[in-house]
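Here is the structure we will look at, set down as structure tokens.
The sequence lines fix the lettering, A, B, ..., with proteins before strands; numbering per chain opens at 1.
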2 protein chains.
Amino acid sequence: MNTVTRPGLRERKKQRTRDALLQAALELFTTQGYEHTTVDEITEAVDVSQRTFFRYFAGKEDAAFAVQDIAHTRFAAAVRERPVDETPLEALRNAVLKDWDTIAEAVEQVVPIELYLRMCRLTESTPALLAAHLRRSDEVGEEVARVIAEREGLDVDTDPRPRVAVAVFAGVIRVMERRWGLSEDLGATETRALTVRYLDAVGPVLTEKWHADRGAADTPVNARGPQNT
Amino acid sequence: MNTVTRPGLRERKKQRTRDALLQAALELFTTQGYEHTTVDEITEAVDVSQRTFFRYFAGKEDAAFAVQDIAHTRFAAAVRERPVDETPLEALRNAVLKDWDTIAEAVEQVVPIELYLRMCRLTESTPALLAAHLRRSDEVGEEVARVIAEREGLDVDTDPRPRVAVAVFAGVIRVMERRWGLSEDLGATETRALTVRYLDAVGPVLTEKWHADRGAADTPVNARGPQNT
DNA sequence: TGTCAAATGTCAGTGGCTGTCATTAATCTC
DNA sequence: GAGATTAATGACAGCCACTGACATTTGACA
């Protein structure tokens with residue numbers, strides 16, 4: 001009885017159970033800790049059988065990263081869409097920055113962003129989750145490296161440059177992640193600014209002398225005072 | 001009755017059990033696969049109770065990385081021993097290269113290197129192991145970043161440069177790992193040469209144009225023919 | 001040789017995860 | 001709209017990693 005063919009009742013129910021499971025899982029993970037949350041607790045909160053949980057998620061871990069996967073997928077897509085006249089690192093950099101603006105609403109359609117952010121912080125402090133996260137990031141890196149290689153018309157298996165470029169970029173992002181995960185007060189704008197700054201710092205880090213000068217240090221950015229989230 | 005006080009019978013027995021467990025574990029992992037090997041199989045092979053295994057290793061994973069841990073520890077130590085007049089990246093680079101020469105014998109004292117190498121390859125193709133490996137590498141990176149920061153007299157928590165430098169370095173090493181893990185025939189000498197080449201390629205990758213030129217490609221190295229392992 | 005402590009074995013239990021099969025509920029067909 | 005079809009779910013049984021508690025063995029040492 002609606003203009004566009006809305007998915008049937010069955011499909012809608014499925015979506016609701018999945019959403020409910022995901023939300024309950026993240027809520028429990030972030031309040032009690034990942035390890036201390038059993039799958040039974042999650043399913044009891046949603047009132048489904050344990051078996052049902054494993055029909056929607058490959059495991060606890062899979063639920064924990066369901067939202068992060070959205071971000072990863074979007075990033076890979078964003079890289080693909082960059083104009084070919086950009087250098088690889090420009091493309092990567094612009095891809096994150098551009099995506100950063102729209103990622104929030106995409107996430108919000110599944111779970112509250114605030115919950116997602118709490119989950120990110122938890123990942124940093126839970127060994128099992130951190131391990132899983134790094135592996136997933138590594139996978140994204142591999143995917144992106146292939147995209148870069150194609151852009152540049154190179155064979156990713158013989159020319160190391162695409163993978164090296166992505167590895168360098170991923171390294172910087174990882175430094176950001178850690179930095180962000182540890183500081184309570186780091187809004188989107190500041191994070192964005194720091195990312196740019198860190199990326200720009202890579203060149204000098206490799207070539208110039210460090211020692212006394214504080215060319216890429218944090219303080220100038222933070223000293224500008226709080227910005228909105 | 002010996003000149004140097006050799007550890008008592010008790011200590012020697014412990015060492016033997018641990019060695020036996022480790023060897024059996026790696027042997028089974030590399031032949032049947034990590035996931036398809038149960039702890040019971042390992043303990044049966046050594047003829048101890050399952051409980052004993054968990055007294056020596058925190059879990060299956062811990063056994064899988066017992067040897068790799070040696071390499072990690074040695075690398076961190078090697079970085080610490082680099083003269084302070086080297087730039088951070090020089091120090092990191094020289095640390096790997098120097099350590100590479102002596103790591104073989106250190107490993108051999110615990111298990112056959114050939115077994116260790118097989119285990120490395122398995123890590124690359126087993127998601128659970130790859131995740132664990134990346135997390136452990138990340139930990140080493142953090143440790144090394146602190147060492148670098150101290151060398152340069154910087155605060156690792158406010159100045160991003162130590163972590164960025166280590167991240168870049170770690171990224172290149174990771175590219176090497178994957179490259180090595182996938183090719184059957186890549187001896188120590190070739191790996192060493194490739195590492196140097198990749199590290200040298202980081203600068204150009206960031207600044208220069210890529211496209212047609214194959215400045216850092218593999219083929220020249222491989223074309224030099226096989227070298228010893 | 002007897003005492004102490006460390007190493008090991010035994011056993012019971014928890015939690016993640018899977019296969020199987022019966023049951024329920026949405027969709028399709030006539 | 002009643003019945004056939006098919007997908008989602010529930011209910012179990014079972015495997016495996018891992019842990020705690022307690023009993024047993026076995027070097028160490030006086």
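- Residue B:Thr52 has a polar side-chain atom (N or O) positioned under 4.0 Å from OP1 or OP2 of C:dG9.
- As a whole-Å value, the separation of B:Lys14 NZ from D:dT26 C1' is 14 Å.
- B:Thr37 comes within 4.0 angstrom of the backbone, heavy atoms only, and of no base.
- Within the structure, a side-chain polar atom (N or O) of A:Tyr56 is placed less than 4.0 Å from OP1 or OP2 of D:dT9.
- Here D:dA7 presents its P atom at 13 Å from CZ of A:Arg55, a figure rounded to the nearest Å.
- Counting atom types as modelled, A:Arg51 pairs a side-chain N or O with a base atom of C:dG19 as donor and acceptor under 3.5 Å.
- Figure legend: cation-pi geometry between A:Arg74 and A:Trp100 absent, as NZ or CZ is not positioned both under 6.0 Å from the six-membered ring centre and within 45° of its axis.
- What separates CD1 of A:Ile42 from P of C:dG15 is a distance of 13 Å, to the nearest Å.
- Atom CD in A:Glu11 sits roughly 10 Å away from atom P in D:dT9 (whole-Å rounding).
- For B:His36 and D:dC16, the NE2 to C1' distance is 13 Å, given to the nearest whole Å.
- Note on ring orientation: taking the six-membered ring where Trp is involved, the planes of B:His133 and B:Phe65 are parallel (angle under 30°, cut-offs 30° and 60°).
- Of the side-chain N and O atoms in A:Thr38, none sit less than 4.0 angstrom from OP1 or OP2 of C:dT14.
- In this structure, the CZ atom of A:Arg18 is 16 Å from the C1' atom of D:dA8, given to the nearest Å.
- Salt-bridge check for A:Glu143 with A:Arg80: passed, with a basic side-chain N closer than 4.0 Å to an acidic carboxylate O.
- Taking 4.0 angstrom as the limit, B:Lys13 places a side-chain polar atom (N or O) nearer than this to OP1 or OP2 of D:dG27.
- Salt-bridge check for B:Glu142 with B:Arg146: passed, with a basic side-chain N closer than 4.0 Å to an acidic carboxylate O.
- A donor-acceptor contact under 3.5 angstrom links the side-chain atoms of B:Arg10 to the base of C:dA6.
- Within the 4.0 Å cut-off from OP1 or OP2 of D:dT9, at least one side-chain nitrogen or oxygen of A:Thr17 is found.
- Taking atom CG on B:Asp40 and atom C1' on D:dC15, their separation rounds to 10 Å, with Å as the unit.
- In the set C:dG16, C:dG9, D:dA17, C:dG9 carries the atom at the smallest distance from any side-chain atom of B:Val48.
- At whole-Å resolution of the value, CZ in B:Phe53 and P in D:dC18 are 7 Å apart.
- Salt bridge A:Arg136/A:Asp69: present, at least one basic N to carboxylate O contact under 4.0 Å.
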